[in-house]
Amino acid sequence: MSVVKIKILLSFAVLFGGLITGAGESVSHKKACLEMLYASGVPEMLKRAFDSQLENQIRAVPELEKIRPQLTEFYKKAFSFKALEPELCALYMKHYSLEELKAISAFYRTPAGKKKAKVDAVLSAELGALFLKHSQKKMPELQKLLQKLN
């Protein structure tokens, strides 16, 4: 075999080996991301946030009560953790390295981290209600501002 052929074969071997390593790192990165998301309580937080959002919407528009089951099913399909998982992982993997995700997961396995995960889930729902309350309170002021545009 000629030296040129050997060099070409070695180049492909190095390139292919790099692709395999890169793919393995991506799989490890995604696995670490999922572990961090579960450890930090993101699936529960999303469920509570959407349950709270649904309740807030029904309070604001009582007619929605008639289609509560359909709205609930819609939220489950469109906004469940499983539905959002690929995009959530892509976002977290964009901003955190494999090592950082592992460190964050380790924190969430500590007593303080476990408490933070539970409290964050509750805070998320409470913040949603707070923003809705303030939005409703400020609506007349916003309407006056918008009327000035006409």
Side-chain angles (χ1 to χ4, degrees), residues 6-143 145-146:
I6 292 173
K7 286 182 179 181
I8 291 171
L9 286 174
L10 285 174
S11 297
F12 278 117
V14 169
L15 176 63
F16 187 67
L19 291 174
I20 292 172
T21 302
E25 288 172 2
S26 179
V27 169
S28 297
H29 201 181
K30 184 168 183 178
K31 182 180 176 200
C33 181
L34 286 171
E35 287 174 9
M36 185 279 301
L37 290 171
Y38 278 103
S40 65
V42 168
E44 296 83 12
M45 188 172 22
L46 283 175
K47 183 179 179 339
R48 285 185 188 204
F50 293 118
D51 289 347
S52 175
Q53 180 66 23
L54 178 61
E55 293 307 317
N56 290 337
Q57 287 177 340
I58 290 173
R59 261 188 251 117
V61 183
E63 300 83 40
L64 291 176
E65 184 64 49
K66 296 174 192 169
I67 60 167
R68 179 189 287 266
Q70 293 89 343
L71 286 172
T72 301
E73 191 59 32
F74 171 78
Y75 279 128
K76 281 182 184 177
K77 285 181 183 175
F79 301 109
S80 70
F81 179 74
K82 285 293 181 195
L84 297 174
E85 179 185 302
E87 291 173 86
L88 286 171
C89 279
L91 285 173
Y92 277 90
M93 290 166 58
K94 176 180 164 185
H95 295 284
Y96 293 103
S97 69
L98 171 64
E99 293 75 24
E100 290 167 332
L101 289 168
K102 286 180 178 183
I104 294 167
S105 292
F107 165 73
Y108 278 111
R109 287 190 291 271
T110 67
K114 288 176 184 177
K115 180 176 181 177
K116 183 179 181 342
K118 286 181 184 176
V119 171
D120 281 353
V122 173
L123 278 174
S124 176
E126 291 174 354
L127 286 170
L130 176 70
F131 289 135
L132 179 65
K133 180 179 117 182
H134 281 273
S135 296
Q136 290 171 342
K137 188 187 324 182
K138 294 291 186 178
M139 188 56 68
E141 186 180 337
L142 177 60
Q143 288 172 339
L145 182 65
L146 293 173

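This structure is a prediction, so every number in the text was calculated from the model and none was measured. Below, all heavy atoms of this structure are taken into account, side chains as well, without hydrogens, waters or symmetry copies.
Atom CZ of Arg109 sits about 7.0 Å away from atom CD of Glu35, to the nearest 0.5 Å. Taking CG from Leu130 and CG from Leu123, the interatomic distance works out to 10.5 Å, rounded to the nearest 0.5 Å. Rounding to the nearest 0.5 Å gives a distance of 10.5 Å between NZ of Lys133 and CD of Gln136. The CD atom of Gln53 sits 12.0 Å away from atom CZ of Phe131, with the distance rounded to the nearest 0.5 Å. Atom CD of residue Glu44 and atom CG of residue Asp51 lie 12.0 Å apart, to the nearest 0.5 angstrom. Remark: Met36 CE to Glu100 CD distance equals 10.5 Å, nearest 0.5 Å.
Residue Ala39 comes nearest to Ala117 through the heavy atom pair O-CB, 3.9 Å, listed as atom of the first residue, atom of the second, then distance. Here the closest non-hydrogen pair linking Leu34 and Cys89 is CD2-SG, 3.6 Å. Nearest heavy-atom pair, Lys77 versus Ala83, reported as atom, atom and distance to 0.1 Å: O-CB, 3.3 Å. Heavy-atom minimum distance, Ala32 versus Leu98: CB-CD1, 3.5 Å.
Every residue two or more places apart in sequence or in another chain that forms a side-chain contact (heavy atoms from CB on, under 4.5 Å) with Arg68 is listed here: Leu54, Glu55, Ile58, Glu65, Thr72. By the salt bridge (charged side-chain N to carboxylate O under 4.0 Å, His left out) test, Glu73 is found to be paired with no residue, residues two or more places apart in sequence or in another chain being considered.
Between Phe79 and Phe50, the ring planes are parallel. Angles under 30° get that label, and only those over 60° would be called perpendicular.
Counting only heavy atoms from C-beta outward, the side chains of Leu46 and Tyr75 never approach each other to under 4.5 Å. Looking at heavy atoms from C-beta onward, Met45 lies in side-chain contact with Val42 at the 4.5 angstrom threshold. By the 4.5 Å heavy-atom criterion applied to side chains, Leu101 and His29 are counted as neighbours.
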Applying side-chain contact (heavy atoms from CB on, under 4.5 Å), run through Ser40 and Ile104 and close with a yes or a no. CA-CA 8 Å; Ser40 65; Ile104 294 167; 5.7 Å; no
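Counting heavy-atom neighbours within 6.0 Å of Tyr96 OH, excluding the residue itself, gives a total of 12 or less.
Salt bridge status for Lys82 with Glu85: present, with a side-chain N to carboxylate O gap under 4.0 Å.
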